J.: 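First, the structure itself, so that you have it in front of you.
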Amino acid sequence: MGQPTPAVEPIAVALPAMQALASRLWSPETRHHPGQLAWSYAYGLPEVLHHGPAAVFHRDDAVVAWAWAESDDWMEICVDPAALDGGDAAIEWFLDRAGEVAVRTMVLDTEEHVIALLDRAGFLVEDGPWFTHHLLDLAELGLLEVEGYTFRHVEHGEAAARAACHRDAWSATSVVTTGAYERLMSTPPYRTDLDWVALDAAGRMVASACVWLDTATGVALVEPVGCLPEHRGRGLAGAVSAAALRAARDVGATTGLVCPRGDDGYPVPMRLYQRLGFQPGPRTITLVRPTARA
Ligand SMILES: CC(C)(COP(=O)(O)OP(=O)(O)OC[C@H]1O[C@@H](n2cnc3c(N)ncnc32)[C@H](O)[C@@H]1OP(=O)(O)O)[C@@H](O)C(=O)NCCC(=O)NCCS
């Protein structure tokens with residue numbers, strides 16, 4: 001077997017290959033899902049997100065590893081356990097590009113092969129907020145209703161209202177603009193039939209949940225969920241998430257996935273997903289390669 005060969009590309013070009021590797025390797029013990037990558041790529045406009053390129057490593061026409069400069073000091077990394085040399089090369093590419101700045105990355109605590117590569121490259125575990133992957137057997141998901149509200153999926157052409165619903169739930173400074181949402185809607189595996197909203201009696205979108213289905217694995221990722229402050233505490237976030245996941249089940253999804261904060265700093269989302277039946281699995285770990293300056 002030869003050395004994996006890299007292709008360094010803008011993220012817009014590299015994304016499908018990165019998603020393909022994430023899908024091929026997916027298990028409850030891996031971090032990346034094609035939908036999470038799509039969201040990270042497209043939740044804002046390129047001139048706002050300032051994403052760097054990705055280095056995608058192939059062997060015999062198969063993608064075996066990649067590293068993405070989500071920013072100059074933040075690396076996303078995905079490595080086939082059967083191609084550790086590709087993982088080494090991906091990390092080396094990122095560190096060469098980063099120069100002397102401290103760089104960070106995040107893995108699942110179950111991704112031991114990636115952790116070993118990062119350890120060898122000088123990364124250290126860092127304290128801080130973390131996320132717990134949660135899984136749900138979709139056969140167990142019931143229908144939730146909230147009196148006074150209706151639920152439906154969005155349509156193409158509704159990017160403005162859908163983006164406003166997200167922004168009003170998250171923060172006024174959110175970068176999810178109409179233009180960004182239009183771009184998101186054209187990023188696979190996005191599909192309108194899995195992007196759900198709750199409407200109040202006046203027909204305003206007041207809560208939302210976007211689900212991303214990887215048809216190869218049957219895993220439906222919920223990302224993101226939001227509810228306008230004045231409508232919170234009525235079960236809307238749970239109900240709209242359940243509606244979107246049931247729609248995903250109707251088109252072949254078997255497993256729900258969601259990745260809320262697991263530390264005590266932001267406990268509400270985890271509680272909301274566990275009420276739907278999601279079970280906690282592995283957690284994330286942040287690692288830092290301190291500045292290379294002596
Ligand atoms: C998190 C969020 C989506 C919850 O929306 P919501 O419609 O109020 O949620 P629900 O009514 O379905 O409540 C779910 C659970 O969280 C609880 N909860 C909701 N808001 C809470 C608060 N401020 N403090 C404590 N508990 C709260 C509810 O009581 C419920 O728990 P219970 O069923 O055990 O009573 C909403 O606060 C939000 O949009 N926040 C900003 C965006 C965000 O963090 N999204 C989630 C991460 S993807």
Side-chain angles (χ1 to χ4, degrees), residues 31-44 106 108 128-136 140-154 161-177 180-181 184 190 194-202 204-213 219-248 255-284:
R31 168 163 150 76
H32 293 290
H33 181 284
Q36 182 64 56
L37 294 170
W39 170 257
S40 298
Y41 160 69
Y43 71 93
M106 189 177 270
L108 274 194
W130 42 275
F131 301 84
T132 306
H133 282 209
H134 281 69
L135 293 170
L136 172 66
E140 293 172 7
L141 188 64
L143 177 65
L144 298 173
E145 288 177 351
V146 183
E147 207 183 316
Y149 297 86
T150 53
F151 298 85
R152 68 165 171 86
H153 67 74
V154 301
R162 178 64 180 84
C165 179
H166 175 92
R167 261 194 329 271
D168 293 345
W170 283 81
S171 90
T173 56
S174 162
V175 298
V176 180
T177 57
Y181 214 87
L184 183 84
Y190 177 88
L194 304 185
D195 186 2
W196 279 65
V197 288
L199 307 175
D200 68 7
R204 182 183 181 201
M205 295 181 188
V206 297
S208 60
C210 188
V211 162
W212 303 83
L213 173 59
V219 179
L221 170 76
V222 189
E223 171 73 324
V225 176
C227 180
L228 269 55
E230 59 271 33
H231 294 268
R232 285 183 190 162
R234 300 173 194 181
L236 283 175
V240 76
S241 301
L245 284 166
R246 285 167 62 92
T255 305
L257 169 67
V258 71
C259 312
R261 286 269 292 274
D263 57 275
D264 292 337
Y266 195 53
V268 170
M270 186 163 77
R271 204 158 67 231
L272 131 71
Y273 301 124
Q274 290 185 355
R275 285 277 284 200
L276 292 181
F278 277 92
Q279 299 293 322
R283 57 158 281 183
T284 62

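Just so we're clear, the structure is a prediction, and the values are computed from it rather than from any experiment. Remember, it's 1-based here, ligands and their atoms both numbered in the order they're listed.
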J.: Can you tell me how far apart CG (L144) and OG (S241) are? Round to the nearest 0.5 Å.
T.: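 So the CG of L144 and the OG of S241 are separated by 9.5 Å.
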J.: Check whether any side-chain heavy atom of C259 lies under 4.5 Å from a side-chain heavy atom of L221, and answer yes or no.
T.: yes
J.: Would you say W170 has any N or O atom under 3.5 Å from an N or O of ligand 1, going by distance alone?
T.: no
J.: What residue and heavy atom of the protein are closest to atom 3 (C) of ligand 1, and at what distance?
T.: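 So the nearest neighbour among protein heavy atoms is A237 CB, 3.6 Å.
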J.: Mind checking whether M205 and R152 have side chains closer than 4.5 Å, heavy atoms only?
T.: yes
J.: Give me the residue, atom name and distance of the protein heavy atom closest to atom 44 (O) of ligand 1.
T.: Y266 OH, 2.4 Å
J.: If you count the atoms of ligand 1 from 1 in the order shown, which ones are under 4.0 Å from a heavy atom of G238?
T.: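 With G238 as reference, the close atoms of ligand 1 come out as 12 (O).
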J.: Which is closest to atom 21 (C) of ligand 1 in terms of heavy atoms, V258, L228, L276, V268?
T.: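 Shortest heavy-atom distance from atom 21 (C) of ligand 1: V268.
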J.: What is the closest protein heavy atom to atom 28 (C) of ligand 1, and at what distance does it sit?
T.: R271 NH2, 4.8 Å
J.: Could you check if a side-chain atom of V268 sits within less than 4.5 angstrom of a side-chain atom of R232, using non-hydrogen atoms only?
T.: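 In short, these two side chains do not touch, never coming nearer than 4.5 Å.
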J.: Measure the shortest side-chain to side-chain distance between V154 and Y181 over non-hydrogen atoms and say whether it is less than 4.5 angstrom.
T.: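 Heavy-atom side-chain distance check fails, nothing below 4.5 Å.
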J.: Can you find an N/O atom of R275 closer than 3.5 Å to an N/O atom of ligand 1?
T.: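 Yes, R275 has an N/O under 3.5 Å of an N/O on ligand 1.
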J.: Does an N or O anywhere in G226 fall below 3.5 Å from an N or O of ligand 1?
T.: no
J.: Checking contacts now, so for atom 48 (S) of ligand 1, which I'm interested in, is there any protein heavy atom under 4.0 Å?
T.: yes
J.: Could you work out, for atom 8 (O) of ligand 1, the closest of C227, P267, G233 by heavy-atom distance?
T.: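 Of the listed residues, G233 has the closest heavy atom.
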J.: Looking at R234, which atoms of ligand 1 are within less than 4.0 Å of one of its heavy atoms?
T.: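 Per the distance check, 11 (O).
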J.: Check whether any side-chain heavy atom of H134 lies under 4.5 Å from a side-chain heavy atom of T132, and answer yes or no.
T.: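 Yes. Closest side-chain heavy atoms under 4.5 Å.
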J.: Which of the atoms in ligand 1, numbered in the order shown and given with their element, are less than 4.0 Å from a heavy-atom of A169?
T.: 39 (O), 41 (C)
J.: Side-chain contact, heavy-atom cut-off 4.5 Å: L236 with L228?
T.: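 With C-beta onward as the side chain, the pair stays apart.
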J.: Can an N or O of G235 be found at a distance shorter than 3.5 Å from an N or O of ligand 1?
T.: yes
J.: Consider only side-chain N and O atoms of H231 and Y149, and report whether a donor and an acceptor are under 3.5 Å apart.
T.: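 Present: a donor and an acceptor within the cut-off.
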J.: Does the protein come close to atom 13 (O) of ligand 1 - that is, does one of its heavy atoms sit below 4.0 Å from that atom?
T.: no
J.: Tell me whether the rings of H153 and W196 are parallel (<30°), tilted (30 to 60°) or perpendicular (>60°).
T.: perpendicular
J.: Should P260 and Q274 count as side-chain neighbours, where that means a heavy-atom distance under 4.5 Å?
T.: no
J.: With a 4.0 Å heavy-atom cut-off (strictly under), which part of Y273 contacts ligand 1: side chain, backbone, both or neither?
T.: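 For Y273, the contact with ligand 1 is made by the side chain alone.
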J.: How close does the nearest protein non-hydrogen atom get to atom 40 (N) of ligand 1, and which residue and atom is it?
T.: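 Result: R232 NH2, 3.4 Å.
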J.: Establish, from distance only, whether the side-chain atoms of T284 and R31 form a donor-acceptor pair under 3.5 Å.
T.: no
J.: Give the residue and atom name of whichever protein heavy atom lies nearest to atom 45 (N) of ligand 1, and the separation in Å to one decimal.
T.: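 Result: V225 O, 2.8 Å.
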